[in-house]
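Here the structure is laid out as C-alpha cells; the discussion comes afterwards.
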Amino acid sequence: MASNTPVVALETSIVGQGLPAPHNLRAARGCEEAIREEGAVPATIAVLEGSLHVGLTDAKLERIAAGSMKVSSRDLGPAIARRGAGATTVAATMRAASMAGIRFMATGGIGGVHRGHPEDESADLEELARTPVAVFCAGAKIILDLRLTLERLESLAVPVVGYQTDEFPAFYSARSGCPVSARVDDPVGAARAIRAAWDTGSAGIVVAVPPPRELEGAEELAAQASADAAGVSGAAVTPHLLARMAELSGGRSVELNVELVINNARTAARVAKAFFS
Ligand code: PSU
Ligand code: MN
C-alpha cells in the first residue's frame, strides 16, 4: 500500500458459511489468484487467535473453512475476545478493510432485505452507508427482496453503480428489472466515478457486476428456498437459504457462485489498478 499497489479485500463468510466444502476453498483461492493475475494484492479478512487478520496464509484460510462463527460488524469485538475462528461478512470485512486503509473489496452478493420479512435487513446496508469501501458484487441474491434492498440503499445515499449494465444483477441472473443509480463501462470509468463519489462525501459504494452466465430456474428455486426457511431466524437465515438453493439446484447454484465471485474479484482488481494509476 505504501507503494500505491492496489489491494483488494475479500470476505470469508462465503468460506465459513456461504459455500460447502470443497467449493468454499476453491472460491477463496480462485479469488486470490485472479487478483494477483491482475497485478493487485489480495487481503482475505478473518478473526483468528484473538485478532483481526487482514491477509491470510493458506493455513489460516483452511482454519476458517474447517469451522468458524459468522461475524458481522457487531460481532467483531466479542469474536476477537473469544479468541475463536470468525468468518467475516461483507459488513465486518468492510470495517476491517477500512481500518487497514483498504478501499476495495469483492464478494459474491451483498446482504439485503429479506423477502416477506422487511424487519430482517442485513447490517451490510448500514455499513455501506458509513464505511468508505467499494464493494464489488453480483448484486444480491434473489432469495432477498431486491426492490426493497435498493430502496434502502437509496435512502442511505449509497451509490449503486452498474458495471457494464443498467440493471441491478440478481446474482444468478444479470436481470432483476431494477435499475442501478449509475452505469460505468470500463475500469477507468469505474475508478473515476468511485473517486468522485468519495471526494464528495460518499462512504460505501456498491459496484454491481453481472454474473458470467445464468442459473436456469433461479426464480423458482429462490421461491421454494424462501418457503422452506419459515422458522429460521437471525444470522442463520442467509446460510440456510444458500444451502437450500444448493440442494434444490443439485449443486448448479454452487458452481455459478464460485465462477461469479472470482469474476467479481478480478473486476475489483482491474478497477483498483485503474484507481491507483
Ligand atoms: N450472499 C451470498 N453469499 C454469502 C453471503 C451473502 O450470496 O456468503 C454472506 C455475505 O458475507 C453477506 C452475509 O455479507 O452473507 C449477509 O448475512 P446477513 O444477511 O446475516 O447480514
Ligand atoms: Mn439478517
Side-chain angles (χ1 to χ4, degrees), residues 9-21 23-28 31 44-47 64-65 68-76 79 86-97 105-129 131 133 135-146 148-149 152-153 158 168-173 176 204 206 208-209 211 215 218 221-222 225-226 229 232-246 249 253-265:
L10 294 165
E11 61 135 315
T12 43
S13 181
I14 189 171
V15 179
Q17 293 82 37
L19 280 171
H23 309 288
N24 54 351
L25 281 174
R26 191 158 64 83
C31 285
T44 303
I45 289 178
V47 173
I64 296 298
S68 48
M69 272 173 52
K70 178 174 167 184
V71 174
S72 191
S73 304
R74 71 167 183 179
D75 309 311
L76 277 168
T88 52
T89 64
V90 169
T93 304
M94 287 179 76
R95 201 182 276 186
M105 74 161 280
T107 181
I110 56 168
V113 182
H114 283 269
R115 288 185 179 201
H117 295 273
E119 75 285 5
D120 183 354
E121 175 184 316
S122 175
D124 292 356
L125 302 187
E126 287 284 347
E127 199 65 43
L128 279 159
T131 305
V133 171
V135 179
F136 287 69
C137 60
K141 280 223 170 92
I142 49 161
I143 55 174
L144 299 174
D145 189 320
L146 297 188
L148 283 187
T149 299
R152 282 295 290 146
L153 288 169
V158 174
F168 190 63
F171 196 94
Y172 297 123
S173 162
S176 67
V206 175
V209 184
L215 177 70
L221 292 167
S226 298
V232 184
S233 67
V237 173
T238 297
H240 184 273
L241 287 169
L242 297 179
R244 215 40 208 128
M245 281 295 283
S249 71
S253 68
V254 169
E255 207 43 51
L256 178 53
N257 200 331
V258 173
E259 285 173 38
L260 69 81
V261 67
I262 293 173
N263 184 55
N264 296 342

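Quick caveat: nothing in here was measured; it's all calculated off a predicted structure. Whatever order the structure lists them in is the order used to number ligands and atoms, beginning at 1.
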Identity and distance of the protein heavy atom lying nearest atom 11 (O) of ligand 1: Glu11 OE1, 2.9 Å

Taking Ser72 for the side chain and Thr89 for the main chain, is one N or O donor matched with an acceptor at less than 3.5 Å? no

Is a side-chain N or O of Thr88 found less than 3.5 angstrom from the main chain of Ile45, in a donor-acceptor match? yes

Side chains of [X] and [Y]: does their closest heavy-atom pair fall under 4.5 Å?
X      : Y      : answer
Leu241 : Lys141 : no
Val206 : Ile110 : yes
Leu125 : Val158 : no
Leu153 : Leu128 : yes
Phe171 : Leu215 : no
Arg115 : Leu148 : no

In ligand 1, which numbered atoms sit nearer than 4.0 Å to a non-hydrogen atom of [X]?
X      : value
Asp124 : 12 (C), 14 (O), 16 (C)
Gly18  : 8 (O)
Phe171 : 7 (O)
Thr89  : 11 (O), 14 (O)
Lys141 : 2 (C), 3 (N), 7 (O)
Ser13  : 11 (O)
Gly109 : 1 (N), 6 (C)

Report the part of [X] (side chain from C-beta onward, or backbone N, CA, C, O) that has a heavy atom under 4.0 Å from ligand 1; answer both or neither where that applies.
X      : answer
Leu242 : side chain
Val90  : both
Thr238 : side chain

Residue set satisfying side-chain contact (heavy atoms from CB on, under 4.5 Å) with Ser249, at least two apart, ordered chain then number -> Leu221, Arg252, Ser253

Tell me whether Arg152 is salt-bridged to Glu126, with the criterion being a basic N under 4.0 Å from an acidic carboxylate O. yes

Ignoring angles and geometry beyond distance, decide whether [X] reaches within less than 3.5 Å of ligand 1 through its nitrogen or oxygen atoms.
X      : answer
Ser122 : yes
Thr107 : no
Thr88  : no
Lys70  : yes

Nearest to the Mn ion (ligand 2) - the N/O/S atom of Asp120, by atom name: OD1

